[in-house]
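Both backbone and side-chain heavy atoms feed into the values below; hydrogens, waters and symmetry mates do not. Position 1 is the first residue of the sequence, and the numbers go up from there.
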Amino acid sequence: MLEKVRNFYENNPKRVRLALIALVAVGVFSYAALEFTSQPGFCYNCHEMHPAWNNWKSSVHAEVTCNSCHIKPGFFNLVFHKMASYKEIIAHFTVQNKPNPPAIHASELEPENGACEQCHSMNRQFSFSGDLKVPHELHIKKGLTCPTCHSRVVHGDPDQRKPKMEVCLTCHDGKKAPDECGTCHTKKAVPESHKQANWFQVHGRMSKVINCGKCHNWRPDWCMQCHKKKPQSHLTMWRTNHGQRAKADRKGCNACHKTEFCLRCHGIQP
């Protein structure tokens with residue numbers, strides 16, 4: 001085999017040298033093209049994503065390239081993605097100057113867990129603030145992906161980057177996952193006042209003397225979650241029984257209803 005290669009080289013030295021030079025040139029050009037097209041600035045030239053770009057630039061991931069998150073880890077995955085993307089590049093520069101150019105729909109590649117794990121350890125148990133228990137590995141084993149909770153950590157506005165409690169509650173509803181405060185919070189627990197039997201009736205008055213926002217400030221419309229609906233007590237025979245209930249606890253009525261509310265039906269203040 002080596003003898004055949006030697007003979008071919010001796011008989012065709014110029015062709016072999018030209019082939020080697022061409023091979024090196026192709027390799028250098030391919031590497032340079034790969035590097036150039038992997039820079040965030042290149043993505044920005046074609047993808048009209050000004051808000052997302054600006055948010056990325058001001059985030060803690062500003063030094064992380066688009067490819068690091070939006071392409072599966074691995075050199076060959078990067079190469080295959082670039083090869084598949086050439087048609088989008090060609091379309092971008094050939095159709096945009098024509099009347100009524102067709103829309104170019106590039107699939108949005110959501111970061112996979114493997115992309116995040118290039119920098120982040122899944123062994124984390126606590127949040128940066130220290131008051132939340134978040135066993136990341138357990139959540140991953142349950143089938144969650146990193147973007148499930150951290151969907152806005154890079155491209156969201158500054159006030160959107162931390163996971164919202166509403167996201168947690170999609171699973172922590174008492175059925176899929178426990179919903180007790182102590183499940184996630186290390187510094188918060190259900191106050192003793194909330195455990196009394198008549199808490200539902202007296203919480204309106206108590207809100208004037210306790211700091212509800214200590215726990216519930218995560219959701220500005222927390223109260224409206226219940227107050228936009230009729231209480232359970234109002235659903236069965238309420239029209240018949242409400243007079244007796246009002247005599248027993250008029251202050252409870254006043255927690256939601258103003259004094260003149262009764263005048264709508266009674267004409268006079270009962």
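Qualifying side-chain hydrogen bond (donor to acceptor under 3.5 Å, both in side chains) partners for S58, counting only residues two or more places apart in sequence or in other chains: R161. Take R245 and apply the side-chain hydrogen bond (donor to acceptor under 3.5 Å, both in side chains) test, not counting sequence neighbours, and it matches no residue. Judged as a side-chain hydrogen bond (donor to acceptor under 3.5 Å, both in side chains), and not counting sequence neighbours, S59 has no contacts. Every residue meeting the side-chain contact (heavy atoms from CB on, under 4.5 Å) condition with K72, not counting sequence neighbours, appears here in chain and number order: N77, E112. Applying the side-chain contact (heavy atoms from CB on, under 4.5 Å) rule to A177 yields the partners H172; only residues at least two apart in sequence or on another chain are considered. Every residue two or more places apart in sequence or in another chain was checked for a ring-ring contact (aromatic ring centres under 6.0 Å, His included) with H185, and none qualifies. In this structure, the side-chain hydrogen bond (donor to acceptor under 3.5 Å, both in side chains) partners of E192, at least two apart in sequence or on a different chain, are K195. Applying the side-chain contact (heavy atoms from CB on, under 4.5 Å) test to D157 and every residue at least two apart in sequence or in another chain returns N55, D159, Q160. Listed by chain and residue number, N113, M122 satisfy the side-chain contact (heavy atoms from CB on, under 4.5 Å) test with E117 (two or more places apart in sequence, or in another chain).
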- Query: Checking side chain to side chain contact (heavy atoms under 4.5 Å, CB included) for the pair E180/V190: CA distance, chi angles, key distance, verdict?
  - Reply: CA-CA 8 Å; E180 292 83 7; V190 177; over 6 Å; no
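Rounding to the nearest 0.5 Å places SG of C146 at 7.5 Å from NE2 of H136. Summarising the geometry, atom SG belonging to C116 is positioned 8.0 Å from atom CD1 belonging to I140; distances are rounded to the nearest 0.5 Å. Here NE2 of H242 is found 10.5 Å from NZ of K247. Values are rounded to the nearest 0.5 Å. To the nearest 0.5 Å, atoms SG (C171) and NZ (K142) are separated by 10.0 Å.
Within the 4.5 Å cutoff, the side chain of C69 has no heavy atoms near those of the V154 side chain. Counting heavy atoms from C-beta on, the side chains of V134 and R124 never come closer than 4.5 Å.
Of the possible donor and acceptor atoms, one in the side chain of T148 sits under 3.5 Å from a partner among the backbone N and O of T145. With H150 contributing its side chain and P147 its backbone, the two residues share no donor-acceptor pair below 3.5 Å. Of the possible polar contacts, none joining the N241 side chain to the Q244 backbone as a donor-acceptor pair under 3.5 Å is found. Side chain of W56 to main chain of V64: a donor-acceptor pair is present (N/O by atom type, distance under 3.5 Å, no hydrogens or angles). Checking side-chain atoms of Q118 against main-chain N and O of S68 turns up a donor-acceptor pair under 3.5 Å.
Remark: E63 CD is loosely packed, at most 12 non-hydrogen atoms of other residues, nucleotides or ligands lying under 6.0 Å away. Summarising the local packing, NZ of K176 is surrounded by 12 or fewer heavy atoms from other residues, nucleotides or ligands at distances under 6.0 Å.
Ring pair H70/H155 is parallel by interplanar angle, where below 30° counts as parallel and above 60° as perpendicular. Using cut-offs of 30° and 60° on the angle between ring planes, the pair W238 and H234 is parallel. Taking the six-membered ring where tryptophan is involved, the planes of H203 and F200 are tilted, since the angle between them lies from 30° to 60°. The aromatic rings of H216 and H194 sit parallel to each other, their planes meeting at less than 30°, with 60° as the upper class boundary.
For the salt bridge (charged side-chain N to carboxylate O under 4.0 Å, His left out) condition, the pairs that include at least one residue of residues 207-226, sequence neighbours left out, are R219-D221.
Here the closest non-hydrogen pair linking T183 and P178 is OG1-CB, 3.5 Å.
Through direct or indirect side-chain contacts shorter than 4.5 Å among Ile, Leu, Val, Met, Phe, Trp and Tyr, W218 is connected to M165, L169, W222. V202 belongs to a hydrophobic cluster whose remaining members, ordered by chain and number, are W199, M206, V209, I210; membership requires side-chain heavy atoms of ILVMFWY residues under 4.5 Å apart, directly or through intermediates.
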